[in-house]
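No hydrogens, no waters, no symmetry mates; every other heavy atom, side chains included, goes into these values.
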Amino acid sequence: MPEKKNKLGTSILLIRLLILTAGFFLGILASGIPLDKVTIVIGALGVGIGLGLQNIVNNLVSGVILAIERPIQVGDIIDISGNTGRVKEIGTRSSRIITPDGAEVIIPNGDMLSQKLTNWTLNNTHLRVETNIKLADGANLERAKEIIKEILKSSEGILQSPEPQLLYKNITQAGAELQILFWANDINKWAQLKSDTLQKIYEACSKESINII
């Protein structure tokens, strides 16, 4: 029902524009203004309309460039103008992306080329994941590192090349903070992979009385 209302509103707008245009020309003819002056007025209007169409033409040309160069494709995960989502459609004038919240964002094709665009899946579906854990004071750091490395090595969704990294981010009297870096094989599953990895680390460390705070 809302879609029909939108179409009806567009039709009414076009009818109004036609009536105004016809009224404008009839008014000029009725006023007796010389045709040469009318031509000048029409020429000025043409320039104004041309300037107004520049943005539309830019988006159309950009759509052609996107189709030829293919910097993005349907299904890619991109980040542009602060919007991150999966490309749903690449149109002639604009493109649509679906955000993780389920919203559809319409982005002019001209913006796709003129603004900074990050395509997370242009060459592959890999994504680097970073997470930190804090070990309580007195924890066996070397054993903790061995446990974590074993989990990172045995997880199917974690790439072994580049090799996962385990670094000390901070050491204080309260304990040590470890930084875990690894590459997820599938960007679509990185959040679940991170969650599962942290759970395995917590359970394995708890069995050996290594407290994570």
Side-chain angles (χ1 to χ4, degrees), residues 2-3 6-7 54-134 145 147-170 177-205 212:
E3 185 178 353
N6 291 335
K7 291 182 178 179
Q54 279 185 349
N55 192 34
I56 296 177
V57 173
N58 176 43
N59 289 326
L60 291 174
V61 173
S62 297
V64 174
I65 295 174
L66 289 175
I68 295 175
E69 295 187 354
R70 306 184 72 182
I72 61 171
Q73 299 182 44
V74 173
D76 283 348
I77 297 177
I78 66 172
D79 186 354
I80 181 172
S81 303
N83 296 304
T84 301
R86 182 182 300 278
V87 179
K88 179 182 180 181
E89 178 185 359
I90 302 175
T92 55
R93 190 188 65 83
S94 61
S95 300
R96 296 185 180 185
I97 67 172
I98 301 179
T99 67
D101 298 329
E104 288 194 20
V105 181
I106 300 175
I107 301 176
N109 288 333
D111 292 348
M112 289 286 192
L113 295 179
S114 63
Q115 297 187 18
K116 181 180 178 181
L117 184 149
T118 302
N119 189 337
W120 293 96
T121 54
L122 180 61
N123 297 317
N124 55 58
T125 59
H126 304 162
L127 177 71
R128 196 184 78 158
V129 179
E130 175 182 342
T131 186
N132 300 324
I133 62 171
K134 292 183 179 180
K145 289 179 67 176
I147 292 173
I148 296 172
K149 286 181 178 179
E150 290 174 2
I151 292 173
L152 296 176
K153 188 175 182 179
S154 61
S155 296
E156 293 183 359
I158 297 178
L159 296 176
Q160 299 304 311
S161 179
E163 185 179 358
Q165 290 183 296
L166 191 58
L167 308 170
Y168 288 115
K169 189 173 182 179
N170 195 16
E177 184 175 4
L178 290 176
Q179 183 182 51
I180 303 171
L181 301 172
F182 63 85
W183 284 88
N185 183 47
D186 189 349
I187 189 174
N188 298 300
K189 300 178 181 178
W190 75 269
Q192 186 62 50
L193 179 63
K194 177 181 177 180
S195 176
D196 293 342
T197 302
L198 288 174
Q199 180 180 350
K200 291 178 182 178
I201 291 173
Y202 177 80
E203 292 174 350
C205 287
I212 297 177

For [Y], is there any backbone N or O sitting under 3.5 Å from a side-chain donor or acceptor partner on [X]?
| X | Y | answer |
| --- | --- | --- |
| Asn59 | Ser94 | no |
| Gln73 | Leu122 | no |
| Asn83 | Thr99 | no |

[X] and [Y]: which non-hydrogen atoms are nearest, and at how many Å?
| X | Y | value |
| --- | --- | --- |
| Lys149 | Leu166 | CG-CD2, 4.3 Å |
| Leu152 | Pro164 | CD1-CB, 3.8 Å |
| Ser95 | Asn109 | OG-OD1, 2.8 Å |
| Ile106 | Pro108 | O-CD, 4.0 Å |
| Leu193 | Ala184 | CD2-CB, 3.7 Å |

Indicate whether the side chain of Asn58 and that of Gln54 have a donor and an acceptor atom separated by less than 3.5 Å.
->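 Per modelled atom types, Asn58 and Gln54 side chains form no pair under 3.5 Å.
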
Can you find a side-chain donor-acceptor pair between Asp186 and Thr125 that sits under 3.5 Å?
->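 The answer is no; no qualifying pair exists.
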
Once you round to the nearest 0.5 Å, how far does [atom1] of [X] lie from [atom2] of [Y]?
| X | Y | atom1 | atom2 | result |
| --- | --- | --- | --- | --- |
| Ile107 | Ile90 | CD1 | CD1 | 11.0 Å |
| Leu181 | Glu163 | CG | CD | 12.0 Å |
| Ile68 | Arg70 | CD1 | CZ | 11.5 Å |
| Thr118 | Ile77 | OG1 | CD1 | 12.5 Å |
| Lys116 | Ile80 | NZ | CD1 | 11.5 Å |
| Lys194 | Ser155 | NZ | OG | 14.5 Å |

Quick one: list whatever passes side chain to side chain donor-acceptor pair (under 3.5 Å) with Gln115, sequence neighbours left out.
->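 Side chain to side chain donor-acceptor pair (under 3.5 Å) list for Gln115, sorted by chain: Ser81.
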
Do [X] and [Y] come close enough that some side-chain heavy atom pair is under 4.5 Å?
| X | Y | answer |
| --- | --- | --- |
| Tyr168 | Leu178 | yes |
| Met112 | Ile65 | no |
| Lys200 | Ser154 | no |
| Lys134 | Ile212 | no |
| Thr121 | Asn119 | yes |
| Thr197 | Val129 | no |

Give a yes or no on whether Lys145 atom NZ has more than 12 heavy-atom contacts from other residues, nucleotides or ligands under 6.0 Å away.
->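 More than 12 within 6.0 Å, yes.
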
Go through the structure and list residues passing salt bridge (charged side-chain N to carboxylate O under 4.0 Å, His left out) with Arg128, not counting sequence neighbours.
->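 Partners of Arg128 by the salt bridge (charged side-chain N to carboxylate O under 4.0 Å, His left out) criterion, ordered by chain and then number, come out as Glu130.
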
Passes side chain to side chain contact (heavy atoms under 4.5 Å, CB included), Ile147 versus Ile201? Steps please.
-> CA-CA 7 Å; Ile147 292 173; Ile201 291 173; 5.7 Å; no

Under the side chain to side chain contact (heavy atoms under 4.5 Å, CB included) rule, what do Asn185 and His126 come out as? Steps first, then yes or no, please.
-> CA-CA 5 Å; Asn185 183 47; His126 304 162; 3.6 Å; yes

